[in-house]
Participant: 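Here you go, one structure.
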Amino acid sequence: WNPHTWCAEWVNYRLEWPVRALSWHPQAGWLAAAGDDAFIEIFNEAGTLQRIPASPVYALAWHPRQALLAYGQERPNTREGILVLCTFTE
C-alpha cells in the first residue's frame with residue numbers, strides 16, 4: 001500500500017476468513033489486518049512482519065505516534081468481548 005498514491009502495491013492472501021478490521025500506522029508504515037482468523041497480521045512494504053494470536057477481531061487501531069496496537073476481540077468460547085493493548089517491535 002502506497003500512502004502517497006493510495007494504491008495497492010501487493011496483495012496478501014494469508015488471511016483465510018473475511019477481513020473485518022484494518023489499521024495503518026501513520027508514521028511507521030505498518031498495516032494491521034484482522035478478522036475471523038485466529039491472528040492479527042502486521043505487514044510493511046516487504047511483507048509480513050508478525051502474527052499476533054487472537055480470537056476473532058472486530059476492531060483495531062494504532063496509536064498515532066507509538067508502536068501500540070489496541071484491538072477488540074471475542075473471548076474464546078463465550079460471547080464476551082475484551083480489549084487488548086499490545087506493543088509492537090519489528
Side-chain angles (χ1 to χ4, degrees):
W1 184 263
N2 185 321
H4 303 290
T5 63
W6 295 93
C7 293
E9 295 186 357
W10 49 266
V11 177
N12 173 30
Y13 292 104
R14 294 177 189 211
L15 298 170
E16 296 178 11
W17 294 91
V19 174
R20 300 192 185 277
L22 290 172
S23 183
W24 181 265
H25 192 287
Q27 294 180 339
W30 301 325
L31 179 66
D36 290 343
D37 290 288
F39 55 85
I40 298 169
E41 194 145 42
I42 300 175
F43 311 93
N44 68 3
E45 294 174 359
T48 300
L49 293 175
Q50 186 173 351
R51 277 188 174 183
I52 300 171
S55 56
V57 173
Y58 298 103
L60 54 81
W62 287 105
H63 185 283
R65 291 175 301 282
Q66 297 178 24
L68 297 172
L69 181 67
Y71 59 94
Q73 69 177 18
E74 221 174 80
R75 187 181 304 275
N77 303 317
T78 71
R79 298 286 301 167
E80 297 174 352
I82 57 174
L83 176 65
V84 180
L85 180 65
C86 65
T87 60
F88 176 73
T89 57
E90 285 188 71

Participant: Search all heavy atoms of Pro64 against all heavy atoms of Pro26 and return the closest pair with its distance.
Facilitator: O-CG, 3.5 Å
Participant: Distance from Gln73 atom CD to Arg75 atom CZ, nearest 0.5 Å?
Facilitator: 8.5 Å
Participant: Is Asp36 close to Pro18 at the side-chain level, that is, under 4.5 Å between some pair of heavy atoms?
Facilitator: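 The answer is yes; the side chains approach within 4.5 Å.
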Participant: Enter the distance from Leu69:CG to Gln50:CD here, rounded to the nearest 0.5 Å.
Facilitator: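 Nearest 0.5 Å value for the CG-CD distance: 10.0 Å.
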Participant: In terms of hydrophobic clustering (I, L, V, M, F, W, Y; side-chain heavy atoms under 4.5 Å; direct or indirect links), are Trp24 and Phe43 co-clustered?
Facilitator: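 Linked within one cluster.
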Participant: Should Val57 and Val84 be regarded as members of a common hydrophobic cluster, given that ILVMFWY residues are connected when their side-chain heavy atoms come within less than 4.5 Å of each other, either directly or indirectly?
Facilitator: yes
Participant: Would you say that Glu74 contacts Glu80 through its side chain, given a criterion of any heavy-atom pair below 4.5 Å between the two side chains?
Facilitator: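 Sidechains of Glu80 and Glu74: no contact.
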Participant: Taking all non-hydrogen atoms of both residues into account, name the closest pair between Ala61 and Ser23 and its distance.
Facilitator: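 Closest approach of Ala61 to Ser23, heavy atoms only: CA-OG, 3.5 Å.
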Participant: Measure the spacing between SG of Cys86 and CD1 of Ile52 and express it to the nearest 0.5 Å.
Facilitator: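 Nearest 0.5 Å value for the SG-CD1 distance: 4.0 Å.
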Participant: Examine distances only and state if a side-chain atom of His25 and a backbone atom of Gln66 form a donor-acceptor pair shorter than 3.5 Å.
Facilitator: yes
Participant: Are Ile82 and Tyr71 connected in a single hydrophobic cluster, I mean Ile/Leu/Val/Met/Phe/Trp/Tyr linked by side-chain heavy atoms less than 4.5 Å apart?
Facilitator: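 Result: yes, single cluster for both.
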Participant: Any side-chain to backbone donor/acceptor pair from Glu41 onto Ala33? Under 3.5 Å, distance only.
Facilitator: no
Participant: Measuring from Leu60:CG to Ile42:CD1, what's the distance to the nearest 0.5 Å?
Facilitator: 8.5 Å
Participant: Identify whether NZ of Lys or CZ of Arg in Arg51 sits under 6.0 Å from the centre of the six-membered ring of Phe39 and within 45° of that ring's axis.
Facilitator: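 Yes.
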Participant: Centres of the Trp62 and Trp30 rings: under 6.0 Å?
Facilitator: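 Judged by ring-centre distance (under 6.0 Å), Trp62 and Trp30 do meet the cut-off.
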